[in-house]
Amino acid sequence: MTRTVATTPHTDQKPGTSGLRKKVTVFQQPNYAENFIQSVFDVIDGKQGATLVIGGDGRFLNRAVIQKAIRIAAANGFGRVVVGRGGILSTPAASHMIRIRKALGGLVLSASHNPGGPTEDFGIKYNIANGGPAPEQVTDALYARTKTIDRWLTVDADDVDLDTLGEVRVGGMTVEVVDSVADYAALMEELFDFPAIRAAGLTMAFDAMSAVTGPYATEILENRLGFAKGTVRNGTPLEDFGGHHPDPNLVHAHELYETMMAADAPDFGAASDGDGDRNLIIGRHRFVTPSDSLAMLAANAHLAPGYKEGLKGIARSMPTSAAADRVAEKLGLPIFETPTGWKFFGNLLDAGMATICGEESAGTGSDHVREKDGVWAVLLWLNILAARGESVDAIARDHWATYGRNYYARHDYEGVESDRADALMAELRGKLADLPGTTVAGLTIAEADDFAYTDPTDGSVSRNQGVRILFEGGSRVVFRLSGTGTSGATLRVYLERYEPAGEDLDRETDEMLADIVAAADAIAGIVRHTARTAPDVIT
Ligand code: G16
């Protein structure tokens, strides 16, 4: 029944910020996906008879890899696989499914906001029993295993019909094809005041970017909340996302931005990414940065039923602006600053130390699951708009008047040769000790370090998580290399300036950050190292 297939290691299977992401053509090599999935199973205990959740964002290769994963899971002794219909589960819905099914873990097949299709990107991520991305101890063990693997296990069985709900047997294992949306939508109805949102009579535009949230948004926004048909745009998941980047930022979701800046804009606009964990929030004539969205959601979360008892704490990734810190301070809550990557929030959420988490990379979420959650953020915003009876713009202005404003932007230099990007970071790290006290582009450097994090729950330490340059007066620039790209390197430069309440709260971000942009280049030699004179994407 169980068949052992001999293999040799692929040496490039180190998981990045969020799982293994490579070009589809890399995943199509013999034994590539098989080696990685078997390596996951080789490093986790408790498989016999256990439940495994499998789902993905519907991109090219999703169905093919799911069929392989089912057979490998059967051969490795799992008792049950729960898979979303059509192979579809958004990342937060997969996290929820793992939790409610008390699964040992889950395989989430996605390359997130990266483009899809035969020549684009694919990815596999393993999530643990709490529903969250595997922590570094697991991904380190997994990577080590990929370097020594010499066989993978499978069973001989036909493909499962992924489009028909119900149960079938594969080897000695049950495969259950489930509705991808129902359990997730029920959770959202528990957390948010659906009747109040319905009664508010808001108008909105939601761009699902031809990615996984289409079915979720259509069911929740149009069917359950009564938004007009057509509120959800690009609502059918496509294997190539219609040829677009399913990345909800002002560059890739510019049509939504134009809709929201038009004279007849609806009240609220939002978009989400390939696998449904990121979100973009734009009110009528008011874009809200992800860092500000985290702060504003945290400040108002108590207006939603799921958070009426208040928050236990707030967590943000290091490059995310300090806007949330001011909310935490005012509410008397602990604030946690973690490295980039949602996996770092899991322990804080499990320990009940934080309720809401967020990142500058357009991710916000809470302890309802262990992933960031795009549709959740949209619904919390809608609940707040309904409860306050005010516009996004009014809420933002009120927030800044109370807490001050963190002007913020991220500059991305994409597809930089890895050697050049590494040289830039190495040079920067080499001079950190000499920077404090010096003045660059009119800004005096107060502190400079390479961010390290000690997890307060288990004491584990993560080093080299990004270079921080802190200027006197509270401005800062952060440099790090992306951990989610599939070719070359992406340099991310995060720029932030704080203006206290009562100061300049409605100025253009470019203008407010101009001196920090100049200082960033002077300090890191961006133009010299990358030979680029301007970033590819500004968010
Ligand atoms: C992933 C992680 C996020 C993280 C982001 C950063 O997002 O899940 O927690 O903030 O990567 O990406 P980078 O390393 O490129 O800056 P996603 O949405 O791609 O899964």
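Counting starts at 1 for both ligands and their atoms, following the listed order. In what follows, residues are counted from 1 in the order of the sequence shown.
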Asker: Ring centroids only, cut at 6.0 angstrom: are H10 and Y32 within range, meaning strictly under it?
Answerer: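 So the answer is yes for these two rings.
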Asker: If we ignore hydrogens and angles and just use 3.5 Å, is the side chain of S180 paired with the main-chain N or O of I88 as donor and acceptor?
Answerer: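 Yes: the side chain of S180 pairs with the backbone of I88.
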Asker: Do we get R480 above F451's six-membered ring, with its NZ or CZ under 6.0 Å from the centre and within 45° of the axis?
Answerer: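 No, R480 and F451 do not form such a contact.
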Asker: Under a 3.5 Å threshold, I'd like every N/O contact between ligand 1 and protein atoms, with atom names and distance.
Answerer:
| unit_1 | atom_1 | unit_2 | atom_2 | d |
| --- | --- | --- | --- | --- |
| ligand 1 | 7 (O) | R278 | NH2 | 3.2 |
| ligand 1 | 7 (O) | K372 | NZ | 3.0 |
| ligand 1 | 8 (O) | K372 | NZ | 2.8 |
| ligand 1 | 9 (O) | W342 | N | 2.7 |
| ligand 1 | 9 (O) | E359 | OE1 | 2.6 |
| ligand 1 | 9 (O) | E359 | OE2 | 3.1 |
| ligand 1 | 10 (O) | E359 | OE1 | 3.0 |
| ligand 1 | 10 (O) | E359 | OE2 | 2.8 |
| ligand 1 | 10 (O) | S361 | OG | 2.7 |
| ligand 1 | 14 (O) | T17 | OG1 | 2.8 |
| ligand 1 | 14 (O) | R480 | NH2 | 2.9 |
| ligand 1 | 14 (O) | G483 | N | 2.7 |
| ligand 1 | 15 (O) | S482 | OG | 2.5 |
| ligand 1 | 15 (O) | T484 | OG1 | 2.5 |
| ligand 1 | 15 (O) | R492 | NH2 | 2.6 |
| ligand 1 | 16 (O) | R480 | NH1 | 2.7 |
| ligand 1 | 16 (O) | R492 | NE | 2.7 |
| ligand 1 | 18 (O) | S112 | OG | 2.7 |
| ligand 1 | 18 (O) | R278 | NE | 2.7 |
| ligand 1 | 18 (O) | R278 | NH2 | 3.3 |
| ligand 1 | 18 (O) | K372 | NZ | 3.2 |
| ligand 1 | 19 (O) | R21 | NH1 | 2.8 |
| ligand 1 | 19 (O) | R21 | NH2 | 3.1 |
| ligand 1 | 19 (O) | S112 | OG | 3.0 |
| ligand 1 | 19 (O) | H113 | ND1 | 3.1 |
| ligand 1 | 19 (O) | R278 | NH2 | 3.2 |
| ligand 1 | 20 (O) | R21 | NH2 | 2.8 |

Asker: When you measure from the side chain of D373 to the backbone of P92, do you find a donor-acceptor pair of N or O atoms at a distance under 3.5 Å?
Answerer: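 Side chain of D373 to backbone of P92, a donor-acceptor pair under 3.5 Å: no, none is there.
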Asker: Considering residues, nucleotides and ligands other than K312, do more than 12 of their heavy atoms fall under 6.0 Å from its NZ?
Answerer: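 It does not: K312 NZ has 12 such atoms or fewer within range.
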Asker: Any carboxylate oxygen within less than 4.0 angstrom of a Lys/Arg side-chain nitrogen, looking at R492 and D412?
Answerer: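 So R492 pairs with D412 through a salt bridge.
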